[in-house]
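The structure appears below as structure tokens.
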Amino acid sequence: MNNLPENLASIRARIDAAARAAGRSPDEVTLIGVSKRQPAEAIRTLFAAGQRAFGENYLQEALDKQTALADLPIEWHFIGPIQSNKTRSIAESFDWVHSVDRLKIAQRLSEQRPTDRAPLNVCLQVNIDAEASKSGVDPDTLEALASQVADLPRLALRGLMAIPAPRADYADQLAAFSQLQRLIERLRAKRGLQSLDTLSMGMSGDLEAAIAAGATMVRIGTDLFGARGV
Ligand SMILES: *Cc1c(COP(=O)(O)O)cnc(C)c1O
């Protein structure tokens with residue numbers, strides 16, 4: 001029932017259709033397979049089908065899978081909440097971090113990024129709905145944080161990430177993602193931030209609206225892997 005290569009083809013077709021509908025090239029949108037609570041073997045199967053970028057939320061689980069899949073040149077993305085005592089391991093083991101939302105964490109990731117690796121690509125997570133329960137920087141303090149993070153030597157600030165509250169309606173989804181698009185446009189007008197090129201937004205239920213609003217990375221779990229284990 002759970003045919004991973006078939007799921008991958010169907011997600012790619014959705015990305016293609018959404019990009020074309022928005023007058024964009026599908027090449028502008030990178031698919032991140034969100035593999036939290038999925039087995040390493042499922043990642044291996046999707047890698048064999050051509051998928052290269054995978055996102056993980058839980059550090060120890062991710063490290064175990066990285067060990068099991070060390071023979072594959074996977075691009076690893078960390079997308080979960082970051083505790084400050086976990087930054088060293090994240091800085092050493094990932095290519096991207098999407099969930100930076102405070103300066104202290106960014107400073108630690110920069111200090112702890114190994115010098116033999118390229119600077120760590122980071123996105124700032126924005127709390128678009130001001131939900132008390134969610135991580136993410138407040139839009140009002142985003143610009144100050146972005147300027148400080150852009151100055152850190154071992155990080156490459158690439159853009160913004162958000163997990164808007166779920167909305168059933170396409171128009172509502174589009175409105176939320178458009179807020180993030182406006183925020184990155186405002187940042188790009190500032191000195192030192194012109195090269196921001198990444199909007200990480202859109203999940204299984206709302207990738208079409210995210211792509212219409214300019215997403216360059218969509219993070220897909222359920223519709224790619226099937227339901228998650230517990
Ligand atoms: C779990 C998760 C996803 C994937 O969500 P699905 O609805 O399963 O596609 C994307 N981004 C983040 C940050 C997640 O935690």
Side-chain angles (χ1 to χ4, degrees), residues 1-4 6-15 17-18 29-40 42-43 45-46 51-63 65 74-83 86 90 93-102 105 109 120-131 133-137 158-170 172-174 176-177 179-180 198-230:
M1 177 192 140
N2 198 14
N3 186 328
L4 295 171
E6 213 168 87
N7 295 351
L8 177 60
S10 118
I11 292 288
R12 285 232 184 94
R14 282 173 63 187
I15 292 172
V29 185
T30 299
L31 169 60
I32 315 289
V34 175
S35 43
K36 63 177 174 224
R37 288 188 260 130
Q38 300 289 351
I43 297 177
T45 300
L46 285 167
Q51 178 60 27
R52 292 292 174 268
F54 291 91
E56 290 279 347
N57 295 58
Y58 310 108
L59 181 61
Q60 191 53 52
E61 180 193 326
L63 296 177
K65 285 182 234 179
I74 288 171
E75 183 178 278
W76 289 104
H77 294 246
F78 192 82
I79 63 173
I82 306 172
Q83 296 162 275
K86 302 284 172 63
I90 293 172
S93 310
F94 286 82
D95 301 291
W96 284 75
V97 177
H98 294 230
S99 42
V100 173
D101 64 0
R102 49 198 204 278
I105 294 291
L109 289 171
L120 181 63
N121 295 298
V122 303
C123 292
L124 300 181
Q125 181 173 349
V126 184
N127 191 353
I128 222 74
D129 293 306
E131 291 175 282
S133 62
K134 251 187 211 154
S135 12
V137 58
R158 299 295 298 269
L160 304 179
M161 183 273 240
I163 313 170
R167 293 160 166 88
D169 190 67
Y170 179 87
D172 294 340
Q173 295 170 357
L174 188 63
F177 291 131
Q179 285 182 54
L180 203 68
T198 302
L199 272 180
S200 168
M201 57 187 192
M203 318 202 309
S204 293
D206 54 18
L207 76 89
E208 283 82 3
I211 290 171
T216 65
M217 288 186 172
V218 292
R219 308 178 310 268
I220 309 300
T222 310
D223 285 359
L224 181 57
F225 287 91
R228 284 183 276 276
V230 282

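FYI, the numbering just counts along the sequence from 1. Both counts, for ligands and for their atoms, begin at 1 and track the order of listing.
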Check your understanding: Between Asp95 and Arg52, does at least one N-O distance fall below 4.0 Å, as a salt bridge requires?
Key -> no
Study note, to complete from the structure: Within 4.0 Å of some non-hydrogen atom of Ile79, the atoms of ligand 1 are 11 (N), 12 (C), 13 (C), 14 (C)
Revision key, fill the gap. Atom 2 (C) of ligand 1 has as its nearest protein heavy atom Lys36 NZ, 2.6 Å
**Study point:** Sidechain-backbone polar pair: Arg37 side chain, Glu61 backbone, donor-acceptor under 3.5 Å
**Key:** no
**Study point:** Numbered atoms of ligand 1 (with element) below 4.0 Å of Thr222, judged on heavy atoms
**Key:** 6 (P), 7 (O), 8 (O), 9 (O)
Exercise for review: Give, for atom NZ of Lys86 and atom CZ of Phe78, the distance between the pair rounded to the nearest 0.5 Å.
Suggested key: 8.0 Å
Practice item. Would you mind listing which atoms of ligand 1 come within a distance below 4.0 Å of any non-hydrogen atom of Arg219? Key: 4 (C), 9 (O), 10 (C), 11 (N), 12 (C), 13 (C)
Revision key, fill the gap. Minimal heavy-atom distance between Asp101 and Gln125, with the atoms involved, is CB-O, 3.9 Å
Review point. Is the backbone of Ser200 close enough, under 3.5 Å, to the side chain of Arg219 for a donor and an acceptor to pair up by distance?
Key: yes
Exercise for review: Using a strict cut-off of 4.0 Å, indicate which atoms of ligand 1 neighbour a heavy atom of Ile220.
Suggested key: 9 (O)
Study note, to complete from the structure: Nearest heavy atom to atom 7 (O) of ligand 1, choosing from Ser204, Gly221, Gly202, Pro166, belongs to Ser204
Review point. Under 3.5 Å, side chain of Lys65 to main-chain N/O of Gln38, donor-acceptor pair present?
Key: yes
Check your understanding: Is the shortest distance from a heavy atom of His98 to ligand 1 less than 4.0 Å?
Key -> no
Review point. Please state which protein non-hydrogen atom is closest to atom 10 (C) of ligand 1 and give its distance, to 0.1 Å?
Key: Met203 SD, 3.2 Å
